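Note: hydrogens, waters and symmetry copies are ignored here, and every other heavy atom, side chains too, is used. By convention in this document, chain letters (A, B, ...) are assigned in the order of the sequence lines, proteins followed by strands, and residues within each chain are numbered from 1. Because the structure is predicted, anything quoted here is derived from the model rather than measured.
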Number of protein chains: 2
Amino acid sequence: MTRSEENYLKTIFHLGGGDSKSITTNAIAEQMETKPSSVTDMAKKLSEKGLVDYVRYQGVSLTAVGVKTALSIIRKHRLWEVFLVKKLDFTWDEVHEVAEQLEHIKSEKLVDKIDELLDFPKYDPHGDPIPTKDGKFQERDEKLLSEMPINSQGVCVGVKDSSVPFLKFLDKNRIALGNTIKVLDKEDFDNSLRIQMEGKEMRISHQIAANLYVKKND
Amino acid sequence: MTRSEENYLKTIFHLGGGDSKSITTNAIAEQMETKPSSVTDMAKKLSEKGLVDYVRYQGVSLTAVGVKTALSIIRKHRLWEVFLVKKLDFTWDEVHEVAEQLEHIKSEKLVDKIDELLDFPKYDPHGDPIPTKDGKFQERDEKLLSEMPINSQGVCVGVKDSSVPFLKFLDKNRIALGNTIKVLDKEDFDNSLRIQMEGKEMRISHQIAANLYVKKND
DNA sequence: AATTAAATTTAGACAAATCTAAAAATAGAT
DNA sequence: ATCTATTTTTAGATTTGTCTAAATTTAATT
Ligand SMILES: [Mn+2]
Ligand SMILES: [Mn+2]
Ligand SMILES: [Mn+2]
Ligand SMILES: [Mn+2]
């Protein structure tokens, strides 16, 4: 497994190729900021290795082995992100770049020990679930804040967009995972929301609300 | 800086190329288990970049920038080794392989935070000094056990050979860094030693004694 | 069904890092 | 000083991953 192969598998998984859905070379190229022709080359190679199913002009999807491999890389990525935040005081907007490198370190013992050191976390700093060693996800009943009905309550558990600017924006506005949220009102005009967060009332644009995951209280 | 370039700089440094001593392409090739012709190619590239001085048929030595770069990689390598032992319960014979990968992770903040987490260690698990951020070494007055006079005493502080077999041998024979050592007798015939280690008397071959560093008591 | 636009693949090139085999330079020994 | 063995470099090939430009296939539109 080269680093490049690992990155392709991860990207295909993130684009939904884990559910035998066919992902186009164009989509992969765009996501990876590379050229479609490069993706075609790699599709052939990964297909040779039995990691993806590839049909010319139709796109690729992950095989069972491909899914397993992708999940192990995602597991490493997210565990390292937790490590950086919990043990080294990185902020949640700094960890992704470093985790992109650390996820390629080859040592099963290292991953397992980091997992143990962190007390087997289930979610990463952005609220994304960490696959277990055998590739199982911790499912969670969450929905986007923008889809919560008026007067419903919940806890902020994740971000959909985990870009640096968005994360910094959230920090600046004191919006953090774990905060309690109540939807007070929706503005029809621009779909903005009036919410109560940790007791304090505030207004939030639709773009923000559509990128925050909330676990609804029963 | 590619990973390969970093490995060349590190190797040249370990072969003594940091003191403007010229290291031959053959020596580098042997150490890195590669071919002399590959080393020549890289020597040219590193020379272009101002990291080594290279004279055809004469070998290479590190420039000031080259030394600085090599030291920063060695610093990372050794800090990661300490991390693996102290925080993740790796044994001292397991860490080198993983550190070979981790030393190439690019994040100044990561190294500094690991350093801080470990409380700024001065030596790695094999007793090798860890360069400071500005490239200074912790010098230590140590000598090989094989060169200690009879009746002298000291503390075992490092290994010269840090191969897996040697480290495992030391474990098996309860020889560890930090142990107190007194030289009781030398056997002229095979240069073996009779020593007292942590109070217990034992016999040690020359080959072992010539690979153990001891800090002599005054 | 034919035409056109878009997506995808192929063909050929390139950079990085390596290798093999041949050529050149150096160092050692007569 | 010349020869010889060794070291080192060059030249050319290979692999991996990428790119551009041209060709092909597919999908959409008339
Ligand atoms: Mn990430
Ligand atoms: Mn994340
Ligand atoms: Mn090491
Ligand atoms: Mn070491």
Between atom [atom1] in [X] and atom [atom2] in [N], what is the gap in whole Å?
{"X": "A:Glu5", "N": "D:dT15", "atom1": "CD", "atom2": "C1'", "answer": "12 Å"}
{"X": "A:Ile28", "N": "C:dT8", "atom1": "CD1", "atom2": "C1'", "answer": "12 Å"}
{"X": "B:Glu30", "N": "D:dT7", "atom1": "CD", "atom2": "P", "answer": "10 Å"}
{"X": "B:Met42", "N": "C:dA16", "atom1": "CE", "atom2": "C1'", "answer": "8 Å"}
{"X": "A:Lys49", "N": "D:dT16", "atom1": "NZ", "atom2": "P", "answer": "8 Å"}
{"X": "A:Met1", "N": "D:dT16", "atom1": "CE", "atom2": "P", "answer": "13 Å"}
{"X": "B:Glu48", "N": "C:dA16", "atom1": "CD", "atom2": "C1'", "answer": "15 Å"}
{"X": "B:Glu33", "N": "C:dC19", "atom1": "CD", "atom2": "C1'", "answer": "15 Å"}

Determine whether A:Asp161 and A:Ser163 satisfy the following criterion, side-chain hydrogen bond (donor to acceptor under 3.5 Å, both in side chains), listing intermediate values before the conclusion.
CA-CA 6 Å; A:Asp161 171 8; A:Ser163 69; 3.0 Å; yes
Under 4.0 angstrom between [X] side-chain N/O and [N] OP1 or OP2:
{"X": "A:Arg56", "N": "C:dT10", "answer": "yes"}
{"X": "A:Thr40", "N": "C:dT10", "answer": "no"}
{"X": "A:Lys44", "N": "C:dT10", "answer": "yes"}
{"X": "B:Ser38", "N": "C:dT18", "answer": "no"}
{"X": "A:Thr2", "N": "D:dT16", "answer": "no"}
{"X": "B:Thr25", "N": "D:dT9", "answer": "yes"}

Verdict with supporting geometry, B:Asp124 and B:His77, side-chain hydrogen bond (donor to acceptor under 3.5 Å, both in side chains):
CA-CA 9 Å; B:Asp124 86 359; B:His77 181 104; 5.8 Å; no
Give a yes/no verdict on a cation-pi contact between A:Arg140 and A:Tyr123, requiring under 6.0 Å between NZ or CZ and the six-membered ring centre and an angle within 45° of the axis.
yes
Can you find a donor-acceptor pair, distance only, under 3.5 Å between B:Ser37 side chain and C:dT20 base?
yes
side-chain hydrogen bond (donor to acceptor under 3.5 Å, both in side chains), that's the test. Do A:His126 and A:His96 meet it? Break it down for me.
CA-CA 10 Å; A:His126 313 103; A:His96 179 76; over 6 Å; no
Report which part of the nucleic acid B:Ser4 touches: base, sugar-phosphate, or nothing (heavy-atom distance under 4.0 Å, all strands).
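Sugar-phosphate contact only - B:Ser4 comes under 4.0 Å of backbone atoms but never of a base.
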Measure from the side-chain heavy atoms of [X] and tell me the nearest of [options].
{"X": "A:Tyr57", "options": "C:dT10, D:dT26, D:dT9", "answer": "D:dT26"}
{"X": "A:Lys35", "options": "C:dT9, D:dC19, C:dT20", "answer": "D:dC19"}
{"X": "A:Asp41", "options": "D:dT9, D:dT16, D:dC19", "answer": "D:dC19"}

Any heavy-atom pair between the side chains of A:Glu108 and A:Val111 that's under 4.5 Å?
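No, every pair of side-chain atoms sits at 4.5 Å or beyond.
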If each of A:Tyr8 and A:Gln58 is mapped to the nucleotide of DNA chain D with the nearest heavy atom, which maps nearer the 5' terminus, i.e. the 5' end?
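Between the two, 5'-proximity favours A:Tyr8.
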